[in-house]
Number of protein chains: 2
Amino acid sequence: MSETKTYSIRDLSLEYDITPRTLRFYEDKGLLSPLRRGTQRIYDRRDKGRLALILRGKRLGFSLAEIRNWLDLYDVRDGQVAQARMLLDASEDRMTALLLQREELNETIEELKLQMQQVEGWLDDQGLAAEAAD
Amino acid sequence: MSETKTYSIRDLSLEYDITPRTLRFYEDKGLLSPLRRGTQRIYDRRDKGRLALILRGKRLGFSLAEIRNWLDLYDVRDGQVAQARMLLDASEDRMTALLLQREELNETIEELKLQMQQVEGWLDDQGLAAEAAD
DNA sequence: ACGGTGCTTGACGTTGACGTCAACGTAACT
DNA sequence: AGTTACGTTGACGTCAACGTCAAGCACCGT
């Protein structure tokens, strides 16, 4: 009954527009660990989810090493309180970094918005001047 | 009268915690172009501002090549309408990228927040269970 | 005149994140 | 049996973003 959907290396590479080499590379770096059917890799839903996290992490500018670390934050699988505490601490650290990045991103956006308004204003002035010259 | 503050390469490297090598590298890549007093580099307020933009861009995950391009967006110095239009178009492209990144960043933050709440909830449950066992 | 400090320009080394072969296995089609 | 498609594991290449020397110039205090 439980239809467990799986993916080949090509399936994922096409869907996420990356090369198979990249997927093997991520595996080599310990970011993914798909099952094997003989020698071939077989990715499941969880692998796919992790891949999505990896790619988003990259787009946000994090290194594979960083990503590798916080990927575990999404795998709550053990039942030890100490582990959970450490997990929570690590999560807080990461949250701090993310919030700081959002701050900087917001600043950047605001500054660019200002620049654009200035250029727009200047363009309008030129337009009015041209109109007046008619 | 106009006290124009300047900085040596060491001044900036200390202030921003980067090596002189990095500053020379950025110059080599066309991101900075400080004046020279003889052979020595002499950075002014504008150079310092650009450097701050560069470093923030890096923290947001952009490449030096990307940063180099949009650095010019902050240098409105010519008086051509066509140039201004192009500038505005480029700015809009960059704004789109920034907004998209903010979206992804927000998603990431929300997901992590959820994960943390789950772990916290689990820790609380453990606490209650331990209490009940007393 | 001498040593120290800080700067300069090459030139080569390094690390991360893959790309690009080469050489081979395997399953499917015809 | 041959070819086509898709997969595999090395091994080496590449590009960005610097680090790390080496060798040398310029001023400064003693």
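We name chains A, B, ... by the order of the sequence lines, and we start the count at 1 in each one.
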Exercise. About how many Å separate CG of A:Asp47 and CG of A:Leu12, when rounded to the nearest 0.5 Å?
Worked result: 8.0 Å
For this session: For B:Arg45 and B:Thr4, test the side chains for any donor-to-acceptor distance below 3.5 angstrom and give the result as yes or no.
Result: no
For this session: Starting at CG of B:Leu53, measure out to CG of B:Leu73 and round the result to the nearest 0.5 Å.
Result: 10.0 Å
For this session: Could you check whether B:Arg24 gets within reach of a base, just the sugar-phosphate, or nothing at all, counting any heavy atom under 4.0 Å?
Result: base
Exercise. Looking only at side-chain N and O atoms, does B:Arg41 come under 4.0 Å of OP1 or OP2 in C:dT8?
Worked result: yes
Problem set entry | Under-4.0 Å side-chain N/O to phosphate OP1/OP2 contact, A:Tyr26 with C:dC18 | yes
Problem set entry | Euclidean distance, atom CD1 of residue B:Ile9 to atom C1' of C:dT8 [Å, nearest integer] | 9 Å
Problem set entry | Heavy-atom neighbours of B:Arg36 CZ exceed 12 at 6.0 Å | yes
For this session: Return no unless some side-chain N or O of B:Thr22 is found under 4.0 Å from OP1 or OP2 of D:dG19.
Result: yes
Exercise. Rounded to whole angstroms, how far apart are CD1 on A:Ile54 and P on C:dA17?
Worked result: 12 Å
Problem set entry | d(CZ, A:Arg36; C1', D:dT9) in whole Å | 10 Å
Exercise. Separation of A:Ile42 atom CD1 from D:dC6 atom P, in whole Å?
Worked result: 15 Å
For this session: Considering only NZ, NE, NH1 and NH2 on the basic side and carboxylate oxygens on the acidic side, decide whether B:Glu66 and B:Arg94 come within less than 4.0 Å.
Result: no
For this session: Quickly work out the A:Asp28 CG to C:dT15 P distance and round it to whole Å.
Result: 17 Å
Problem set entry | Length of the CG-C1' vector between A:Leu14 and D:dG7, whole Å | 14 Å
Exercise. B:Ser8 and B:Arg41: side-chain donor and acceptor closer than 3.5 Å?
Worked result: no
Exercise. Does atom CZ of A:Arg56 have more than 12 heavy-atom neighbours, drawn from other residues, nucleotides or ligands, at distances under 6.0 Å?
Worked result: yes
Seminar exercise, completed: Rounded to 10°, the angle between the first-five-pair and last-five-pair axes of the helix from C:dA1-D:dT30 to C:dT30-D:dA1 is 10°
Seminar exercise, completed: 5' to 3', nucleotides 20-29 of chain D under a 4.0 Å protein heavy-atom cut-off (B base, S sugar-phosphate only, - none) gives B---------
Exercise. Roughly how many Å is it from CZ in B:Phe62 to P in D:dA16, rounded to a whole number?
Worked result: 18 Å
Exercise. Do other residues, nucleotides or ligands put more than 12 heavy atoms under 6.0 Å from the CG atom of B:Asp89?
Worked result: yes
Exercise. Whole Å only: how far is the CG atom of B:Leu23 from the P atom of C:dT8?
Worked result: 10 Å
Exercise. Can you tell me how far the CZ atom of B:Arg102 sits from the CG atom of B:Leu60, to the nearest 0.5 Å?
Worked result: 12.0 Å
For this session: Could you check whether A:Lys58 gets within reach of a base, just the sugar-phosphate, or nothing at all, counting any heavy atom under 4.0 Å?
Result: sugar-phosphate
Problem set entry | Under-4.0 Å salt bridge between B:Glu110 and B:Lys113 | yes
Exercise. Is B:Arg37 touching bases, backbone alone, or none of the nucleic acid, heavy atoms closer than 4.0 Å?
Worked result: nothing
Exercise. Is any side-chain N or O of B:Arg10 closer than 4.0 Å to OP1 or OP2 of C:dC7?
Worked result: yes
